[in-house]
Amino acid sequence: MISSRVSALSSSSTLKITALTKKLKKEGKDVVNFAAGEPDFDTPSFIKEKAKLAIDQGLTKYTPSVGTSEIREAICRKLKEENHIPCESSNIIVTAGAKYALFAAMTALLDRNEEALIPAPFWVSYPEMVKLCGAKVKIIKTKAKDNFKLSIDGLSRAISKKTKLLVLNYPSNPTGVTYNENELKAIYEAVKDKNIIVLSDEIYEILTYDGAKHISFASIGDAHKFTVTVNGFSKSFSMTGWRLGYLEGANNFIEAISKVIDHTTSCASSISQAAGLMAIQDKKWPQTMREEFEKRRNLLFAGLSALKKIKPIKPSGTFYMFCDIKKSGLSSVEFSSQLLDKHLVSTIPADSFGAEGYIRLSFATSAQDIEKGIDRIKVFTEEL
Ligand code: PMP
Ligand code: GLU
């Protein structure tokens, strides 16, 4: 009864464990939530007020499928000024979340049997989206000793005649690694002139630490001609439930992707778009959140570094900390589920990110909970 494409899919481990954690908390269990894939801050009130006003003003109807001209212009200004991407507002499509931007782009660009290159560890949804498009997933393994960065050698070896797409995600979910300008230039040199489209998911751009600066792939050389940049409001403005994302790309890509939107979601929520227009003009709030995350990263890293059988990798971006748990003798799933069952600490096992032997901890939780979580992990790992 079920299509073979969907039968071959796994469900999302991140969404499943996040839902389980929320359920346990609702039941009154004192769970430390290191599974969260969303900022724990409330959406700022100036954004919420704008949404209420939008409803009162009757902005409650379909918008153009690619988004309102106002928000597309504001996004275009941001991408030009902050990301140095040479674009026009006609190169922007506003979507129902960045996740849908990625899927709509893959649907429009990937043909059956063409290959999409995905560096591992990867965010759970990339391979499943490629499979849904009927295309082929080609994983490029990265090494812990390279900080999980894509090596040019590994990339060049993976490129074949069938390669259509390279998925880049930095700062990376789940490793927290990000790329500097020289590393991006090297990737650019390896893919240019090869008829490959780069799908660059930069949704965590605001969250970089130790002074690291986010550079958009599409700002390197003429990469904007073959790059679709994806971003959104979920992480930068703590708006995960509003379902608001966007993409930028060359005219021919936009034309194709907009057809997919026309026949699927019609448009992103009109109310969320009005609120997003307000959000994108504010530069201060995301920075305040970033500073708080940097403090929590330092707290979690210091605490876990003192423990045996778990080795944290210091992230240069995102709110995730990737941890090597191979010394525990447990698999990722065993480690994660025993930690939750015995000590009420929820984490995501990284087998679903293509990295057995690791788990992902999110520090999108209070400093108090981070300290409590470290204490519980200490007890758990000492018992092993
Ligand atoms: N890309 C990455 C790497 C993510 O972690 C997420 C988190 N959900 C998304 C895209 C999608 O974000 P959203 O659909 O909420 O905009
Ligand atoms: N991106 C987040 C995570 O990795 C949210 C859940 C999801 O969409 O996968 O946990």
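The model shown is predicted, which means the values in this text are computed figures rather than measured ones. Order of listing sets the numbers, starting from 1, for every ligand and every atom in it. Along the sequence shown, residues carry numbers from 1.
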Measure and list all N/O to N/O distances between ligand 1 and the protein that fall under 3.5 angstrom.
residue, atom, partner, partner atom, Å
ligand 1, 1 (N), Asp201, OD2, 2.6
ligand 1, 5 (O), Asn173, ND2, 2.8
ligand 1, 5 (O), Tyr204, OH, 2.6
ligand 1, 8 (N), Lys235, NZ, 3.3
ligand 1, 14 (O), Ala98, N, 3.2
ligand 1, 14 (O), Lys99, N, 2.9
ligand 1, 14 (O), Arg243, NH2, 2.7
ligand 1, 15 (O), Ser234, OG, 2.7
ligand 1, 15 (O), Arg243, NH1, 2.9
ligand 1, 16 (O), Ala98, N, 2.7
ligand 1, 16 (O), Ser234, OG, 3.2

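Taking the charged nitrogens against the carboxylate oxygens, Lys213 and Glu181 have no contact shorter than 4.0 Å, which rules out a salt bridge. A salt bridge is defined here as a Lys NZ or Arg NE, NH1 or NH2 lying under 4.0 Å from an Asp or Glu carboxylate O, and Glu88 with Arg77 fails to meet this definition. Note on Lys162 versus Glu115: no salt bridge recorded, every NZ/NE/NH1/NH2 to OD/OE distance being 4.0 Å or above. Between Glu382 and Lys378 there is a salt bridge, with a side-chain nitrogen of the basic residue lying less than 4.0 Å from a carboxylate oxygen of the acidic one. Classification of Glu27 and Lys23 as a salt-bridged pair holds, one side-chain N sitting under 4.0 Å from a carboxylate O.
Protein heavy atom in closest approach to atom 9 (O) of ligand 2: Thr14 OG1, 2.6 Å.
Partners of Thr227 according to the side-chain contact (heavy atoms from CB on, under 4.5 Å) rule, which considers only residues two or more places apart in sequence or in another chain, are Val198, Ser200, Phe217, Ala218, Ala223, Thr229. The side-chain contact (heavy atoms from CB on, under 4.5 Å) test applied to Leu15 returns Ser12, Lys99, not counting sequence neighbours. Remark: Lys52 engages Glu49 in a salt bridge (Lys or Arg N to Asp or Glu O under 4.0 Å) (not counting sequence neighbours).
Of all the heavy atoms of Lys16, none lies under 4.0 Å from any atom of ligand 2, so neither backbone nor side chain is involved. Using a 4.0 Å cut-off between heavy atoms, Phe319 makes no contact with ligand 2 at all. Contact annotation: for Lys99 versus ligand 2, heavy atoms closer than 4.0 Å belong to the side chain alone.
With atom 2 (C) of ligand 2 as the reference point, the heavy atom nearest to it among Gly37, Ala36, Ser125 is part of Gly37.
The aromatic rings of Tyr204 and Phe319 stand perpendicular to each other, their planes meeting at an angle above 60°, with 30° marking the opposite boundary.
Ser236 contributes no side-chain N or O that, together with a main-chain N or O of Ile206, makes up a donor-acceptor pair within less than 3.5 Å.
In terms of N/O distances under 3.5 Å, ligand 2 is approached by Asn173.
Residue contact annotation: Glu38 has no non-hydrogen atom under 4.0 Å from ligand 2.
Atoms of ligand 2 lying under 4.0 Å from at least one heavy atom of Lys235, given by number and element, are 1 (N), 2 (C). Near Arg360, meaning under 4.0 Å from one of its heavy atoms, ligand 2 places the atoms 3 (C), 4 (O), 10 (O).
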